[in-house]
Colleague: 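Take this structure, written in C-alpha cells, and hold onto it; I'll ask about it next.
When a residue number appears, it is its place in the shown sequence, counting from 1.
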Amino acid sequence: MLVFATLAWVAGGLLYDQQLWAPYACTIVAAYLMVELNNINALIRIYSRMVSCSFLALTSLAAFQFSSLQGSIAQLCFVAFYICLFHAYQEKRGAGWVFYAFFCLGMASTVFVQIVFFVPFLWLVLGRFLMALSARTFWASIVGLIAPYWFVVTYYIATDRLADFAAHFTEMARFSPLFDYSMVNEHQIITFIFVVLLSAMGSIHFLRRSFLDKIRTRMLFNVFIYVNALTIVFIILQPQHFDVLLKLMMVNTSILIAHYIALTRTRATNISFHFILAAVLFLTIYNLWIPSLIY
C-alpha cells in the first residue's frame, strides 16, 4: 500500500511539484502513527496492518487533496491527538496525556481553527467513552489547547503581525450559507459518498459484532463512530471546509473499515472486499486523470 500511495502521489505530480512534498511527508508520518495507534490500543484483535493500509488507500484516492498542506497537517495532528487521548482511558488523574492530546489539537487549530468546534464534543468523549473527565483533565485540555498559541503569538509579535493573529480567530465566525454545495465538484461529492458508505459498513459491522471485542476496544470504536458522525454533519452543513474535514473523516473511517475487512470472512463480505478494492482503484484513476465538469 505504501508503494501504491507513492505511485498515486507521483502520478499526481509529486516529482515536479515541490509544494506536494510537505503534504506527502505529513501523510507518510500519519500512516506510521496509524500503525502505532493500532499497536498500542490493539484495535484489531488479530495481527493485521489493515488500519494503516486502509488509511493509505483512502488518502491516496483523493488526488484533489494532495496539495492541501493545511489538511495534511490537521490530519497528522488528529492522529497524534487520538494516540495521546487514549492513554488517558479511565485515568481521571491523567492530566498529562490529556494535555498532550489537546496540545496536538491546538497545533491543528493553528492551520484549521474551525477544529475548535469539535472541542465541546470531545469533552463528552472524554467523559462518556473514556471515563477520564475530571476538573484536573478538563483544565489540562484547555491549557493544552491554547499552549501552541504561546509560541504562535510570540512569532506574530516579533514580526509585527498581530492583526493577522486576530484575523485567524475571526475565521471561526465566518459561515457560508448552510448546504451550499456550489463550492464542491463531482470528484469531491463522489469521493465523499464512497467514504460515507465505508464508514457506514464499518460502523454497522462493529456494532453488530462488538461483543467479541474487549470493553476498552468497544469504547474506542464508539469514539471513532461518534467523531465520524460529527465530521459528516460538519461537512454537510459547511462544505466550504470539505477538503480538511474529509481528511479528518478518513482517519476514523480507515479504522472502522479495517475492522470490517480484517475480521469478516463470509462469502458476502469477501465479495464486498473485492468491490471496495475495485472502487479504490477506480476512484484513484478518476480523481487523478478525469477532469471535473463542475467548477
Colleague: If only atom types and distance count, is the side chain of His187 paired as donor or acceptor with the main-chain N or O of Ile290 below 3.5 Å?
Modeller: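 At least one qualifying donor-acceptor pair exists.
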Colleague: Looking only at heavy atoms, which two atoms of Ile44 and Ala262 are closest? And how far apart?
Modeller: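 Where Ile44 meets Ala262 most closely, the heavy atoms are CG2-CB, 3.9 Å.
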Colleague: Supply the atom-to-atom distance Ser272 OG to Met201 CE, rounded to the nearest 0.5 angstrom.
Modeller: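 These two atoms lie 4.5 Å from each other.
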Colleague: If you compare all heavy atoms of Val153 against all heavy atoms of Trp150, which two are closest, and at what distance to 0.1 Å?
Modeller: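 Here Val153 and Trp150 meet closest at CG1-O, 3.6 Å.
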Colleague: Grab the two heavy atoms, one from Gly127 and one from Leu133, that are nearest each other, plus how far apart they are.
Modeller: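 Closest pair (atom of Gly127, atom of Leu133, distance): CA-CB, 3.5 Å.
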Colleague: Is it true that a side-chain atom of Ser68 and a backbone atom of Gln65 form a donor plus acceptor pair closer than 3.5 Å?
Modeller: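 Checking the backbone N and O of Gln65 against the side chain of Ser68, no donor-acceptor pair under 3.5 Å is found.
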Colleague: Let me see the working for Phe169 and Phe165 under ring pair (Phe, Tyr, Trp, His ring centres under 6.0 Å), right down to the final yes or no.
Modeller: CA-CA 7 Å; Phe169 292 99; Phe165 180 70; 5.2 Å; yes
Colleague: Cluster partners of Ile204, using ILVMFWY side-chain heavy atoms under 4.5 angstrom, listed by chain and number?
Modeller: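 Besides Ile204, the hydrophobic cluster comprises nothing; the residue is isolated.
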Colleague: Are any side-chain N or O atoms of Gln240 and backbone N or O atoms of Met183, one a donor and one an acceptor, separated by less than 3.5 Å?
Modeller: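 Answer holds: no.
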Colleague: Among pairs that include at least one residue of residues 246-261, which meet salt bridge (Lys or Arg N to Asp or Glu O under 4.0 Å), considering only residues two or more places apart or in two chains?
Modeller: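 Checked against salt bridge (Lys or Arg N to Asp or Glu O under 4.0 Å) - neighbours excluded - no pair reaches residues 246-261.
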Colleague: Hey, does the side chain of Thr253 reach the backbone of Ser199 with a donor-acceptor pair shorter than 3.5 angstrom?
Modeller: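 Looks like no, no N/O pair under 3.5 Å.
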Colleague: With ILVMFWY side chains joined below 4.5 Å, transitively, what does Ile271's cluster contain besides itself?
Modeller: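 Answer for Ile271: Phe275.
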Colleague: Should the heavy atoms of other residues, nucleotides or ligands under 6.0 Å from CZ of Phe211 be counted, would the total exceed 12?
Modeller: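 Buried by this count: over 12 neighbours within 6.0 Å.
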Colleague: Is there a side chain to side chain contact (heavy atoms under 4.5 Å, CB included) between Leu126 and Thr137? Walk through the geometry before answering.
Modeller: CA-CA 9 Å; Leu126 194 61; Thr137 56; 4.2 Å; yes
Colleague: Side chains of Gln188 and Asp243: is there a donor and an acceptor less than 3.5 Å apart?
Modeller: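 Asp243 and Gln188 do have a side-chain donor-acceptor pair below 3.5 Å.
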Colleague: Looking at every non-hydrogen atom in both residues, tell me the closest pair between Ala11 and Leu288 and how far apart they are.
Modeller: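 For Ala11 and Leu288, the tightest heavy-atom pair comes out as CB-CD1, 3.9 Å.
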Colleague: Atom CZ in Phe192, atom CD in Glu186: separation rounded to 0.5 Å?
Modeller: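 Reported to 0.5 Å precision, the distance equals 16.0 Å.
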Colleague: Return the minimal non-hydrogen interatomic distance between Ala95 and Arg136, and the atom names on each side.
Modeller: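 Scanning both residues, the minimum pair turns out to be CB-CG, 3.5 Å.
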Colleague: Is there a side-chain contact between Leu33 and Tyr82 in this structure, where contact means two heavy atoms from C-beta onward sitting under 4.5 Å apart?
Modeller: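 No, their side chains stay 4.5 Å or more apart.
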Colleague: Are side-chain heavy atoms of Arg45 and Asp213 found at a separation under 4.5 Å?
Modeller: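 Arg45 vs Asp213: side chains touch.
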Colleague: Under the criterion ring pair (Phe, Tyr, Trp, His ring centres under 6.0 Å), I'd like the reasoning laid out for Phe112 against His241: C-alpha separation, chi angles, the key distance, then a yes or no.
Modeller: CA-CA 9 Å; Phe112 179 61; His241 305 303; 5.5 Å; yes
Colleague: Test side chain to side chain contact (heavy atoms under 4.5 Å, CB included) on Phe234 and Leu230; report intermediate values, then the result.
Modeller: CA-CA 6 Å; Phe234 198 166; Leu230 289 174; over 6 Å; no
Colleague: Please enumerate all residues that pass side chain to side chain contact (heavy atoms under 4.5 Å, CB included) together with Ala101, with sequence neighbours excluded.
Modeller: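 With sequence neighbours excluded, Ala101 shows a side chain to side chain contact (heavy atoms under 4.5 Å, CB included) to Phe81, Cys84, Leu85, given in chain and number order.
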Colleague: Is there a donor-acceptor pair under 3.5 Å between the side chain of Gln75 and the backbone N or O of Leu248?
Modeller: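 Here the side-chain-to-backbone pair does not exist.
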Colleague: If you link ILVMFWY side chains whenever their heavy atoms are less than 4.5 Å apart, which other residues fall into the same cluster as Leu7? By chain and number, please.
Modeller: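 Direct or chained contacts put Leu7 with Val3.
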Colleague: If you count every heavy atom of other residues, nucleotides or ligands that lies below 6.0 Å from Met107 atom CE, does the total exceed 12?
Modeller: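 Check fails, neighbour count at 12 or below.
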Colleague: Going by the rule side-chain hydrogen bond (donor to acceptor under 3.5 Å, both in side chains), which residues pair with Ser203 if we only count those two or more places apart in sequence or in a different chain?
Modeller: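 Residues passing side-chain hydrogen bond (donor to acceptor under 3.5 Å, both in side chains) with Ser203: none at all.
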Colleague: Only counting residues at least two apart or in another chain, list the ones meeting side-chain hydrogen bond (donor to acceptor under 3.5 Å, both in side chains) with Ser72.
Modeller: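 Ser72: no side-chain hydrogen bond (donor to acceptor under 3.5 Å, both in side chains) contacts found.
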Colleague: Taking the side chain as every heavy atom from C-beta outward, state whether Leu105 and Leu145 have any atom pair closer than 4.5 Å.
Modeller: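 Yes. Closest side-chain heavy atoms under 4.5 Å.
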Colleague: For the residue pair Leu37 and Phe86, establish whether any side-chain heavy-atom pair is separated by less than 4.5 Å.
Modeller: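 Touching, per the 4.5 Å side-chain cut-off.
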Colleague: Backbone N or O of Ser48 within a donor-acceptor pair of the Asn38 side chain at under 3.5 Å?
Modeller: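 Looks like yes, one N/O pair under 3.5 Å.
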Colleague: With no hydrogens and no angle check, is any side-chain donor or acceptor of Asp180 less than 3.5 Å from a backbone partner on Ser182?
Modeller: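 Looks like yes, one N/O pair under 3.5 Å.
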Colleague: Do any pairs count as a ring-ring contact (aromatic ring centres under 6.0 Å, His included) and have a residue in residues 245-266, sequence neighbours left out, and if so which ones?
Modeller: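 ring-ring contact (aromatic ring centres under 6.0 Å, His included) check on residues 245-266 returns His205-His259, His205-Tyr260, Phe206-His259, Phe221-His259.
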Colleague: Do Leu207 and Ser210 have side chains that get closer than 4.5 Å, going by heavy atoms?
Modeller: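 Counting from C-beta outward, Leu207 and Ser210 never come under 4.5 Å.
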Colleague: Using a 4.5 Å cut-off on heavy atoms from C-beta on, say whether the side chain of Asn228 contacts that of Met249.
Modeller: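 Yes, close enough: below the 4.5 Å cut-off.
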Colleague: Take Val51 and Phe55 through the side chain to side chain contact (heavy atoms under 4.5 Å, CB included) test and state the conclusion after the steps.
Modeller: CA-CA 6 Å; Val51 170; Phe55 175 78; 5.7 Å; no
Colleague: Aromatic rings Phe78 and Phe118: how do their planes relate, parallel, tilted or perpendicular, breaks at 30° and 60°?
Modeller: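 The arrangement is tilted - the two ring planes meet at 30° to 60°.
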Colleague: May I have the list of side-chain donor-acceptor pairs in residues 16-32 shorter than 3.5 Å, sequence neighbours left out?
Modeller:
from	atom 1	to	atom 2	distance (Å)
Asp17	OD1	Gln19	N	3.1
Trp21	NE1	Leu14	O	3.1
Tyr24	OH	Thr6	OG1	2.9
Thr27	OG1	Pro23	O	3.0
Tyr32	OH	Glu36	OE2	3.3

Colleague: Give the C-alpha distance, both sets of side-chain angles, the deciding distance and a yes or no for side chain to side chain contact (heavy atoms under 4.5 Å, CB included) between Leu130 and Leu220.
Modeller: CA-CA 8 Å; Leu130 301 183; Leu220 301 190; 3.7 Å; yes
Colleague: Any side-chain heavy atom of Ser141 sitting closer than 4.5 Å to one from Phe99?
Modeller: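 The answer is no, as the side chains (C-beta and beyond) never meet within the 4.5 Å cut-off.
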Colleague: Quick one: list whatever passes salt bridge (charged side-chain N to carboxylate O under 4.0 Å, His left out) with Asp160, sequence neighbours left out.
Modeller: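 Asp160 satisfies salt bridge (charged side-chain N to carboxylate O under 4.0 Å, His left out) with no residue once adjacent residues are dropped.
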Colleague: When rounded to the nearest 0.5 angstrom, what distance separates CD in Gln114 from CZ in Arg174?
Modeller: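 Taking CD in Gln114 and CZ in Arg174, the distance rounds to 9.0 Å.
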Colleague: Suppose we screen for salt bridge (charged side-chain N to carboxylate O under 4.0 Å, His left out). Which residues come up paired with Arg161, at least two apart in sequence or across chains?
Modeller: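 Testing Arg161 for salt bridge (charged side-chain N to carboxylate O under 4.0 Å, His left out), a comparison that skips the adjacent residues, returns Asp164.
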Colleague: Can you see which heavy atom on Asn287 is nearest to which on Ala62, and at what distance?
Modeller: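 Nearest pair, atom of Asn287 first, then Ala62: ND2-CA, 4.0 Å.
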Colleague: Can you tell me how far apart CZ (Phe224) and CD1 (Ile255) are? Round to the nearest 0.5 Å.
Modeller: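 Nearest 0.5 Å value for the CZ-CD1 distance: 3.5 Å.
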Colleague: Does the side chain of Met219 reach to within under 4.5 Å of the side chain of Met131, using non-hydrogen atoms?
Modeller: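 Yes - at least one pair of side-chain heavy atoms lies under 4.5 Å apart.
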Colleague: Can you tell me how far apart CZ (Arg218) and CD1 (Ile225) are? Round to the nearest 0.5 Å.
Modeller: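 Interatomic distance, Arg218 CZ to Ile225 CD1, rounded to 0.5 Å: 12.5 Å.
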Colleague: Can a donor-acceptor pair be found between the side chains of Thr266 and Thr269 at a distance below 3.5 Å?
Modeller: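 Short answer, yes.
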Colleague: For Phe121, is the CZ atom crowded, meaning more than 12 foreign heavy atoms sit under 6.0 Å from it?
Modeller: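 Counting other residues, nucleotides and ligands, CZ of Phe121 stays at 12 neighbours or fewer.
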Colleague: At what distance, to the nearest 0.5 angstrom, does CZ of Phe194 lie from CZ of Phe282?
Modeller: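 Rounded to the nearest 0.5 Å, the CZ-CZ separation comes out at 11.0 Å.
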Colleague: Got a sec, which residues hit side-chain hydrogen bond (donor to acceptor under 3.5 Å, both in side chains) with Ser60, two or more places apart in sequence or on another chain?
Modeller: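 Ser60 satisfies side-chain hydrogen bond (donor to acceptor under 3.5 Å, both in side chains) with no residue once adjacent residues are dropped.
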